[in-house]
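Predicted model, so just to flag it, every value in this text is computed and none were measured. Residue numbers count from 1 along this sequence.
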Amino acid sequence: MAGHGTDEHPHGADRLCAAGDRVYSRAVRRGRVPRRDAGPVPCLLDLALLHPDPDDMDWLVPTSPQEVMTRLLRGLYDEVSASQRRVGSAVTAFEWYADLGQRRLAPAAAEGTSIRVLDGLARIQAAMDEATQACTTEVLTVQPGGIRREHELSEGLHRALALRGRGVRMRDLYTHVARHGQGLLNYLELMGDAVEARTLDEVIDRLILFDRTVAFVPANTDRTMALELRHPALVEYLVTVFERLWRLALPLTAPLPDTGIEGISHRERSIAALLAEGHQDAVIAERLGISVRTCRAHIARLSETLGAASRTQLGVRIAQTGLDALPGSSAPVGAPGGRGTPTAR
């Protein structure tokens, strides 16, 4: 039986405090105790273990231990019965929610696998290897960052060779700067006709598409996390982006177009167009895949060639000579109709 007692005696008859036990035991032995003895232990009255003597209100008589035990057992039985009913209700509710989840939530749960976060290089490599093994037709990649380092090329070489061995065709997009990397040229020579490469002034962030069914994109700046995308709408969108960039790109074996201005290279014209858009040196360098130091060296040569003594004057000269748009375009880089990437970075 659960009693409430007072703040000093928060217990039931099944766990009397030491003072209450002494007074109740004395009352049972003697048949009654003075009311003043129960003053320090009001729990005995609250729990009905003591009650006033009808013949003398200054005394308290005990409830018999047998009656107390009966009350305790009855209370325990009631608590067990209530617990069994709660357990039964919980089981019924669990079964209902489980059935509801299977009927209504299963499609959403299945859709959750359309986007998977890969945390850590090991998980990324494992997922890429799995996609490589399942690939049967085509791989499309976008590789930003300028000249590809040897270790970057070699870490995916085993997958590329496995794909070539199964007759899978590969198309790779790079920035124009990548043309100057001997490692890339060696890689393409090794892969032969299995790989076709093209270049642009700038490309979107890294993208790898297998059989137009699964795509991998970075999920953070240092590329230690990636997203594996299998949602058909997302994958189709990325394929469309790739195909549009591919049509704008130049084959790796084709020469870069002449700027038509003596002393200004194609890269410097691209830098001039981005300067005209108001980009900072670091942003231009990142978009073109070159270092900030190299970018500033090109800007210095631009200023010298155009006779500009300041950045403000350089901007005016760029506009006057038409360098604010790429060859064959009347729009600046990245603007609608321009030769730059149509996708914002």
Side-chain angles (χ1 to χ4, degrees), residues 1-124 126-127 218-231:
M1 181 183 71
H4 298 289
T6 66
D7 291 342
E8 293 80 14
H9 300 269
H11 53 70
D14 56 336
R15 49 187 185 280
L16 279 179
C17 58
D21 177 61
R22 287 193 298 270
V23 174
Y24 176 72
S25 298
R26 187 163 60 249
V28 171
R29 289 194 305 270
R30 298 178 181 179
R32 63 179 187 170
V33 291
R35 180 181 287 273
R36 65 176 179 272
D37 288 1
V41 284
C43 55
L44 297 179
L45 287 170
D46 291 340
L47 296 172
L49 296 178
L50 295 178
H51 52 87
D53 186 342
D55 296 329
D56 189 343
M57 299 299 292
D58 291 331
W59 290 82
L60 300 173
V61 296
T63 302
S64 69
Q66 292 80 6
E67 184 179 343
V68 172
M69 286 188 293
T70 300
R71 281 160 39 186
L72 285 174
L73 290 174
R74 186 183 303 116
L76 180 61
Y77 174 81
D78 292 341
E79 289 181 0
V80 170
S81 298
S83 297
Q84 288 175 335
R85 287 193 296 272
R86 288 196 297 272
V87 169
S89 298
V91 169
T92 301
F94 177 83
E95 292 173 346
W96 183 82
Y97 282 116
D99 180 64
L100 184 66
Q102 290 175 355
R103 288 186 286 110
R104 300 184 182 179
L105 301 182
E111 187 174 315
T113 61
S114 297
I115 302 177
R116 187 162 62 122
V117 179
L118 306 172
D119 190 355
L121 296 178
R123 288 195 64 195
I124 295 173
N220 60 354
T221 53
D222 59 5
R223 294 176 179 167
T224 57
M225 295 178 64
L227 296 181
E228 178 184 314
L229 308 174
R230 293 181 179 273
H231 193 289

Quiz prompt | G39 to P42 - nearest heavy-atom pair and separation | solution = O-CD, 3.6 Å
Quiz item: Between OG of S114 and CD of E228, what distance do you get to the nearest 0.5 Å?
Solution: 10.0 Å
Exercise. Determine whether V117 and M225 make a side-chain contact, defined as any pair of heavy atoms from C-beta on separated by less than 4.5 Å.
Key: yes
Quiz item: In Å and rounded to the nearest 0.5 Å, what is the CG to CG distance from L60 to L49?
Solution: 11.5 Å
Quiz item: What closest approach, in Å, do C17 and C43 show between heavy atoms, and which atom pair accounts for it?
Solution: SG-SG, 3.9 Å
Quiz item: Which pair of non-hydrogen atoms, one from V23 and one from D37, has the smallest distance, and what is that distance?
Solution: CG2-O, 3.8 Å
Quiz prompt | Backbone of L50 reached by a side-chain donor or acceptor of T63 within 3.5 Å | solution = no
Quiz prompt | Sub-4.5 Å side-chain heavy-atom contact between V61 and H51 | solution = yes
Quiz item: Is R116 reaching over with its side chain to a backbone N or O of L227, donor-acceptor style, under 3.5 angstrom?
Solution: no
Quiz item: With the threshold set at 4.0 Å, does a side-chain nitrogen-carboxylate oxygen contact exist between D53 and R32?
Solution: yes
Quiz item: Looking only at atom types and distance, does a side-chain atom of D119 sit under 3.5 Å from a main-chain N or O of R123, one as donor and one as acceptor?
Solution: no
Quiz prompt | Atom pair CD1/CZ of I115 and R230 - distance to nearest 0.5 Å | solution = 12.5 Å
Exercise. Compare every heavy atom of Y24 with every heavy atom of S64, then report the nearest pair and how far apart it is.
Key: C-OH, 3.8 Å
Quiz item: Atom CD1 in I124, atom OG1 in T224: separation rounded to 0.5 Å?
Solution: 6.5 Å
Quiz prompt | Nearest non-hydrogen partners of R26 and V33, listed with the distance | solution = C-CG1, 4.1 Å
